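Everything below concerns the one structure shown next.
Predicted model only: the values in this text are computed from it and were never measured.
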Amino acid sequence: MNRALERTSAFDVLNYTLMTLLCVITLYPFLYLLAMSLSPADVSFTTLKIIPEKVTLDNFRQVLGYPNIRSGFLNSISRTVVGTLLSVVTTMAAAYVLSKPYFPHRRFWTQLILLTMFFSGGLIPTYLLIKDLGLTNNLGALVLPSMISAFQLLVTRNFLASLPAEPEESAKIDGANDIVILLKIVLPLSLPILVTLALWNMVSHWNSWFDSLLYMTYPSKEVLQVVMRRIVLDGQMDVMSTAIPEDRPHVSTETIKAATLMVTTLPIVAVYPLLQKYFVKGMLVGSVKG
């Protein structure tokens, strides 16, 4: 008995140690960039530190003063909102149909959807299709190709299949059709999977940049992540020249880059804690049951 308790205690210590180390490894780069973004240009960051010696918001003012940052921020918000709404609505509608045992050839359609997780048309055919449809420099090029994810659809189908059938049967006896049942019975019971879908798509759309790089040819149409990529990865600090006042000739490129990363990262990081409770529940039920 004592030996078993000692093993359990040793495992707990090892587990907590590893989890603490993992948290430190994950948070430290973020805190380091946050401290750098809040530091003035004359502060040296030769050592890794997470507490700034001086605090200033000048870096954020310069970043947000750049016109392409503002337009990219608005474009990212528009893409995230529209793309998330379309994905959640279409995924829920399709998953509701596939979750019903009486749907004709349900097994065939499920396997066909599963097949798309392993094969795709490829980059060039997709680009030509978007171009032929006239969606270049259009929001549709960013939200329509990824409107329905096969993985999200199957997880949602499993979640809906796990819901009790009695409320739907009672509603059908009272004369309700499938649309009424979906809106008034299924959706109120599906809050965990709705939040899970919303969070998945919000993160995906907010972080996506490659499709914008392909389909958007005007700087005013680009999303924030493309602008960030040019500033941070390509080192094109000259694009920030219009945002830097003449009375601030000495500007640290590193602090500007750190502020750009924070402007891109903080909005989606702030949303996640609000949805985490429903996200975990929706993932567990949707992936296990059904």
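- S149 has its side chain out of reach of W200: every pair of non-hydrogen atoms, C-beta onward, lies at least 4.5 Å apart.
- In terms of hydrophobic clustering, with Ile, Leu, Val, Met, Phe, Trp and Tyr side chains grouped at heavy-atom distances under 4.5 Å, L139 and L74 are assigned to different clusters.
- Partners of F73 by ring-ring contact (aromatic ring centres under 6.0 Å, His included), not counting sequence neighbours, listed by chain and number: W206.
- Within a 6.0 Å sphere centred on CZ of F103, heavy atoms belonging to other residues, nucleotides or ligands number more than 12.
- For S220, the side chain to side chain contact (heavy atoms under 4.5 Å, CB included) partners are Y218, not counting sequence neighbours.
- Between V155 and I193, the shortest heavy-atom contact is CG1-CD1, 4.0 Å.
- Not a single donor-acceptor pair under 3.5 Å links the side chain of D174 to the backbone N or O of A176.
- Between the S87 side chain and the T84 main chain, no donor and acceptor come within less than 3.5 Å of each other.
- Cluster annotation: V195 and V89 are assigned to distinct hydrophobic clusters (Ile/Leu/Val/Met/Phe/Trp/Tyr, side-chain heavy-atom contacts under 4.5 Å, transitive).
- Distance check, rounded to the nearest 0.5 Å: CG of L85 to OG1 of T90 gives 10.5 Å.
- By the 4.5 Å heavy-atom criterion applied to side chains, R157 and I113 are not counted as neighbours.
- Distance check: L154 CG to L114 CG gives 6.0 Å after rounding to the nearest 0.5 Å.
- Scanning all heavy atoms of the two residues, the minimum distance from K221 to N137 falls at CE-O, 3.9 Å.
- Closest approach of T255 to N59, counting heavy atoms only: OG1-OD1, 3.3 Å.
- For S99 (side chain) and L160 (main-chain N/O), no donor-acceptor pair under 3.5 Å exists by modelled atom type.
- In the hydrophobic clustering of ILVMFWY residues, with side-chain heavy atoms under 4.5 Å counting as a link, L129 and M147 come out together.
- Applying the salt bridge (charged side-chain N to carboxylate O under 4.0 Å, His left out) test to every pair with at least one member in residues 22-37, sequence neighbours left out, gives no pairs at all.
- Pairs engaging residues 62-91 under the salt bridge (charged side-chain N to carboxylate O under 4.0 Å, His left out) rule: R79-D211 [sequence neighbours left out].
- In I179, the CD1 atom is not crowded: 12 or fewer heavy atoms of neighbouring residues, nucleotides or ligands sit closer than 6.0 Å.
- Remark: V203 engages L199, N207, I268 in a side chain to side chain contact (heavy atoms under 4.5 Å, CB included) (not counting sequence neighbours).
- Atom-to-atom distance recorded for L214:CG and K131:NZ is 12.5 Å, nearest 0.5 angstrom.
- Screening residues 88-101 for salt bridge (charged side-chain N to carboxylate O under 4.0 Å, His left out), with sequence neighbours left out, gives K100-E168.
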Run the side chain to side chain contact (heavy atoms under 4.5 Å, CB included) test on V63 and M262 for me, step by step, so that the C-alpha distance in whole Å, both residues' side-chain angles and the decisive distance to 0.1 Å come before the verdict.
CA-CA 10 Å; V63 169; M262 288 297 104; over 6 Å; no
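- By the 4.5 Å heavy-atom criterion applied to side chains, T260 and I256 are counted as neighbours.
- Interatomic distance, I148 CD1 to L86 CG, rounded to the nearest 0.5 Å: 10.0 Å.
- Y16 and L22 sit in two unconnected hydrophobic clusters of ILVMFWY residues. Membership requires side-chain heavy atoms under 4.5 Å apart, directly or through other members.
- The side chain to side chain contact (heavy atoms under 4.5 Å, CB included) test applied to P29 returns no partner, not counting sequence neighbours.
- Applying the 4.5 Å side-chain rule to ILVMFWY residues, one finds L21 in the same cluster as I25.
- Residues forming a side-chain hydrogen bond (donor to acceptor under 3.5 Å, both in side chains) with K172 (at least two apart in sequence, or on another chain): Y102.
- The shortest heavy-atom contact between L142 and H205 is O-CE1, 3.7 Å.
- Identified under the ring pair (Phe, Tyr, Trp, His ring centres under 6.0 Å) test for residues 126-150, with sequence neighbours left out: Y127-Y215.
- Considering only heavy atoms from C-beta on, L163 comes within 4.5 Å of V186 through its side chain.
- Shown here are the salt bridge (charged side-chain N to carboxylate O under 4.0 Å, His left out) partners of K184, two or more places apart in sequence or in another chain: there are none.
- The shortest side-chain heavy-atom distance between M92 and L197 falls under the 4.5 Å cut-off.
- Between S37 and L34 the shortest side-chain heavy-atom distance falls below 4.5 Å.
- Considering all non-hydrogen atoms of both residues, P104 and W109 come closest at O-CD1, 3.6 Å.
- The cluster map of Ile, Leu, Val, Met, Phe, Trp and Tyr, joined by side-chain heavy atoms under 4.5 Å apart, puts L57 and L33 in the same cluster.
- Between L224 and I69, the closest side-chain pair of non-hydrogen atoms falls below 4.5 Å.
- Between F60 and L38 the shortest side-chain heavy-atom distance falls below 4.5 Å.
- Taking T26 as the reference, nothing meets the side-chain hydrogen bond (donor to acceptor under 3.5 Å, both in side chains) condition, with sequence neighbours excluded.
- Atoms CE and CH2, from M216 and W209 in turn, are 14.5 Å apart once rounded to the nearest 0.5 Å.
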Determine, step by step, whether F159 and T196 satisfy the side chain to side chain contact (heavy atoms under 4.5 Å, CB included) criterion, reporting the C-alpha distance in whole Å, the side-chain angles of both residues, the deciding distance to 0.1 Å, and the verdict.
CA-CA 11 Å; F159 181 93; T196 301; over 6 Å; no
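- Across every non-hydrogen atom of S212 and V223, the tightest pair is OG-N, 3.4 Å.
- H105 NE2 to Q111 CD: the interatomic distance, rounded to the nearest 0.5 Å, is 13.0 Å.
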